[in-house]
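Below: one structure, written as structure tokens.
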Amino acid sequence: MKKMILSAAFIAAAMTATAQNPIVQTWFTSDPAPMVSGDRLYVYTGHDEDNADFFWMYEWRLYSTSDMVNWTDHGSPIDLSSFSWADDRAWAAQTIERNGKFYWYICAHSKLTNGMAVGVAVADSPTGPFKDALGKPLFDNGSWDNIDPTVMIDDDGQAWLFWGNPTINYGKLNADMLSFDGEVKQVNQTVEGFGAPNMKERQKDVKYKDNYTEGPWIMKRTFFPLDKKGRKAKKATGLYYLLYAAGGVPEHIAYSTAPSPEGPWTYRGEIMPLEDTKSFTNHCGVADFKGHSYFFYHTGKLPGGGGFGRSAAVEEFEYNADGSFPIIHHTDEGVKPIGTLNPFVRQEAETIAWSVGVKSESNAKTGVFISDIQNGDYIKVREVDFGDKQPKAFTVSAASALQGGKIEVRLDSLQGRQIALAEVPGTGGWEQWQQISAKITENVSGKHDIFFAFKGNKGAKLFNFDWWKFEE
């Protein structure tokens, strides 16, 4: 696989202690849809193919975190082959949990009608295995508007599904999450509700304040508003939010609110304005996790990225007292850590805060592992907490069909103190795993960022990397 060539400026930025966006560097990851389950936040994404000249997308991918800075790659739990009726365009999707099951609503090109259609996969775990729940689309009327499904479950247990470009389609889901209760409807877009009327009603010579384009995100939030004197109301207010990509191309993120999922909707303004994100589209998702509010979106800012090579990013924010969104700007710094990593238990190599050069692969036996490692590549993990325990050894599981290579273990930067050197030999194959241990040569305590710097023959693939662990 052809390696990405990084500019010196980009490498310098990546090496800073605070750089966190995009959150995944091994693959392009578009249309992030966050979901919290237990003590982890999961982000379900699309996957733009490398070197694409259109939205060439054939699978969906999954990542999770417990600390918001180290992201574990769970591979591709579903792809187009998971749906017998689909043959192209694995575009934006969202997953939701209900009664211990996880429902992944996707859109794809339908063989049945030659349009886009909405489908649903189901699993007993947020990481799968997922399977097509119906064996057919959930909604398929031959229209190309059927993209970007978003789902929510209201306080009364009623689930709602929204989707569409340039229309906004919606329907009530039955308790099984696999069928509609009644007819699918369309939101009547108005100037008051979305900044512009429905696409067919817009006049070319009229400059509208905004317009819905695609990528809806439906959500509800209950809060206690403040009065003019700053006093918190005694009664909570429940408000429905529809966030969406707006303005045509290029897109910004705007939103509307309503007292009910069926409206009436009121346009509230921009959330993420047009900025130099290197992507002419945007797609957002919102999640509250461990007392923090997070806004996910995508940019084209990875090397080789752009409008057809997009990458998930995240910012932390606080709602305004009246329940409105603040203006959120994209950053390279991303968010602060809200947890630590334990170095004395097995950690997967695909749990990464930042990486340069490497890719991930998976198989049925090993699961996900890191591959395409070459001289000069590296992986960073953050907030590794040794406490007051002095590690004695560093152990990795690696495999190489050639001569192998070395892993320099360094503290806090690529030029930081080297505390171990693991020498990976040829193991007889790229998936012939062998455990290699190295002595710790420096005293270590407290919290550190750990850099795994890969060294070996220039231009050659060195080895694959499955997991690591420090020994007490």
Side-chain angles (χ1 to χ4, degrees), residues 31-33 91-92 94 105 107 116 118 139 141 143-152 154 160-172 183-221 223 237-275 277 279-286 295-298 317 319-320 322-330:
D31 307 323
W91 288 358
Q94 186 184 345
Y105 295 90
C107 66
M116 292 296 290
V118 175
F139 187 83
N141 63 358
S143 171
W144 285 86
D145 295 355
N146 299 320
I147 67 171
D148 302 351
T150 177
V151 61
M152 65 158 284
D154 208 342
W160 297 83
L161 191 71
F162 283 66
W163 70 93
N165 170 359
T167 59
I168 308 173
N169 308 297
Y170 73 98
K172 289 183 178 180
E183 295 183 358
V184 168
K185 303 177 182 180
Q186 282 191 4
V187 174
N188 181 33
Q189 298 175 47
T190 64
V191 172
E192 295 75 20
F194 296 91
N198 296 308
M199 173 70 82
K200 294 180 180 179
E201 301 169 12
R202 296 173 196 167
Q203 301 176 29
K204 293 183 179 180
D205 58 346
V206 175
K207 183 175 177 59
Y208 297 103
K209 60 182 177 181
D210 212 340
N211 63 270
Y212 169 90
T213 304
E214 61 182 350
W217 179 269
I218 185 69
M219 56 179 276
K220 182 183 183 181
R221 183 169 179 266
F223 62 98
T237 295
L239 195 62
Y240 297 86
Y241 298 73
L242 192 66
L243 287 63
Y244 44 88
V249 177
E251 296 174 343
H252 58 270
I253 300 296
Y255 76 117
S256 303
T257 61
S260 158
E262 296 194 273
W265 293 98
T266 300
Y267 175 76
R268 299 296 296 273
E270 295 184 355
I271 299 175
M272 179 168 277
L274 281 179
E275 297 176 334
T277 63
S279 171
F280 55 82
T281 67
N282 207 342
H283 191 110
C284 72
V286 175
F295 180 87
F296 289 83
Y297 60 102
H298 66 224
F317 73 97
Y319 291 95
N320 296 321
D322 62 356
S324 62
F325 275 87
I327 294 294
I328 301 172
H329 298 284
H330 88 283

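Since the structure is predicted, the reported quantities are computational estimates derived from the model, not experimental observations.
Every side chain to side chain donor-acceptor pair (under 3.5 Å) that Y297 has, sequence neighbours left out, goes to E315. Legend: residues meeting salt bridge (charged side-chain N to carboxylate O under 4.0 Å, His left out) with E201, ordered by chain and number and at least two apart, are absent. Take D210 and apply the side chain to side chain contact (heavy atoms under 4.5 Å, CB included) test, not counting sequence neighbours, and it matches A246, H252, A254, Y267, E270. P264 is linked by a side chain to side chain contact (heavy atoms under 4.5 Å, CB included) to P259, counting only residues two or more places apart in sequence or in another chain. Listed by chain and residue number, nothing satisfies the ring-ring contact (aromatic ring centres under 6.0 Å, His included) test with Y240 (two or more places apart in sequence, or in another chain). Contacts of T266 classified as side chain to side chain donor-acceptor pair (under 3.5 Å), with partners at least two apart in sequence or in another chain: none. For E275, the side chain to side chain contact (heavy atoms under 4.5 Å, CB included) test picks out P273, T277, H329, H330, with sequence neighbours left out. Shown here are the side chain to side chain contact (heavy atoms under 4.5 Å, CB included) partners of A196, two or more places apart in sequence or in another chain: R202, Y208, N211. With sequence neighbours left out, K209 forms a salt bridge (charged side-chain N to carboxylate O under 4.0 Å, His left out) with no residue at all. Looking at residues two or more places apart in sequence or on another chain, you find a ring-ring contact (aromatic ring centres under 6.0 Å, His included) between F317 and Y319, F325.
Of the possible polar contacts, none joining the S256 side chain to the W265 backbone as a donor-acceptor pair under 3.5 Å is found. The backbone N or O of G193 sits less than 3.5 Å from a side-chain atom of T190, completing a donor-acceptor pair. The main-chain N or O of N169 is never found under 3.5 Å from a side-chain atom of T167 such that the two would form a donor-acceptor pair. Listed for the D322 side chain is a donor-acceptor partner under 3.5 Å among the backbone atoms of S324.
Counted by atom type alone, N165 and D148 present zero donor-acceptor pairs between their side chains at under 3.5 Å. A donor-acceptor contact closer than 3.5 angstrom is absent between the side chains of N282 and E251.
Annotation for M199 and P166: closest pair CE-CB, 3.8 Å, computed over non-hydrogen atoms. Contact detail for G247 and T213: the closest heavy-atom pair is N-OG1, 3.4 Å. In terms of heavy atoms, A92 sits closest to C107 at O-SG, 3.5 Å. Between I218 and T150 the shortest heavy-atom distance is N-OG1, 3.1 Å. In plain terms, the two heavy atoms of P149 and V118 that are nearest each other are CB-CG1, 4.2 Å.
At a threshold of 4.5 Å between non-hydrogen side-chain atoms, the residues K172 and W160 count as touching. Residues V249 and T281 have side chains not in contact (no heavy-atom distance under 4.5 Å, counting atoms from C-beta outward). Inter-residue side-chain proximity for L239 and F223 is flagged as met; some heavy-atom pair is nearer than 4.5 Å. P197 is listed as a side-chain neighbour of V191, based on a closest heavy-atom distance under 4.5 Å. Between C284 and I271, every side-chain heavy-atom pair lies at or beyond the 4.5 Å cut-off.
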Please assess D145 against M116 for the test side chain to side chain contact (heavy atoms under 4.5 Å, CB included), listing each intermediate value before the final yes or no. CA-CA 7 Å; D145 295 355; M116 292 296 290; over 6 Å; no
Begin with the C-alpha distance, continue with both residues' side-chain angles, and end with the deciding distance and a verdict on side chain to side chain contact (heavy atoms under 4.5 Å, CB included) for H298 and S279. CA-CA 8 Å; H298 66 224; S279 171; 3.8 Å; yes
Between F295 and L243, is the side chain to side chain contact (heavy atoms under 4.5 Å, CB included) condition met? List the steps. CA-CA 11 Å; F295 180 87; L243 287 63; 4.2 Å; yes
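Aromatic ring orientation, W163 versus F139: tilted (interplanar angle from 30° to 60°).
Pairs passing the salt bridge (charged side-chain N to carboxylate O under 4.0 Å, His left out) check and including a residue from residues 237-246, sequence neighbours excluded, do not occur. Listed by first then second residue, pairs satisfying salt bridge (charged side-chain N to carboxylate O under 4.0 Å, His left out) with a partner in residues 185-195 read K185-E262, not counting sequence neighbours.
None of F162, W217, F194 except one satisfies the ring pair (Phe, Tyr, Trp, His ring centres under 6.0 Å) rule with Y244; the exception is F194. Only one option out of V187, I168, N198 pairs with Y212 in a side chain to side chain contact (heavy atoms under 4.5 Å, CB included); it is I168.
Rounded to the nearest 0.5 Å, atoms OH (Y170) and CG (L161) are 12.5 Å apart. With values rounded to the nearest 0.5 angstrom, E214 atom CD is found 8.5 Å from W91 atom CH2.
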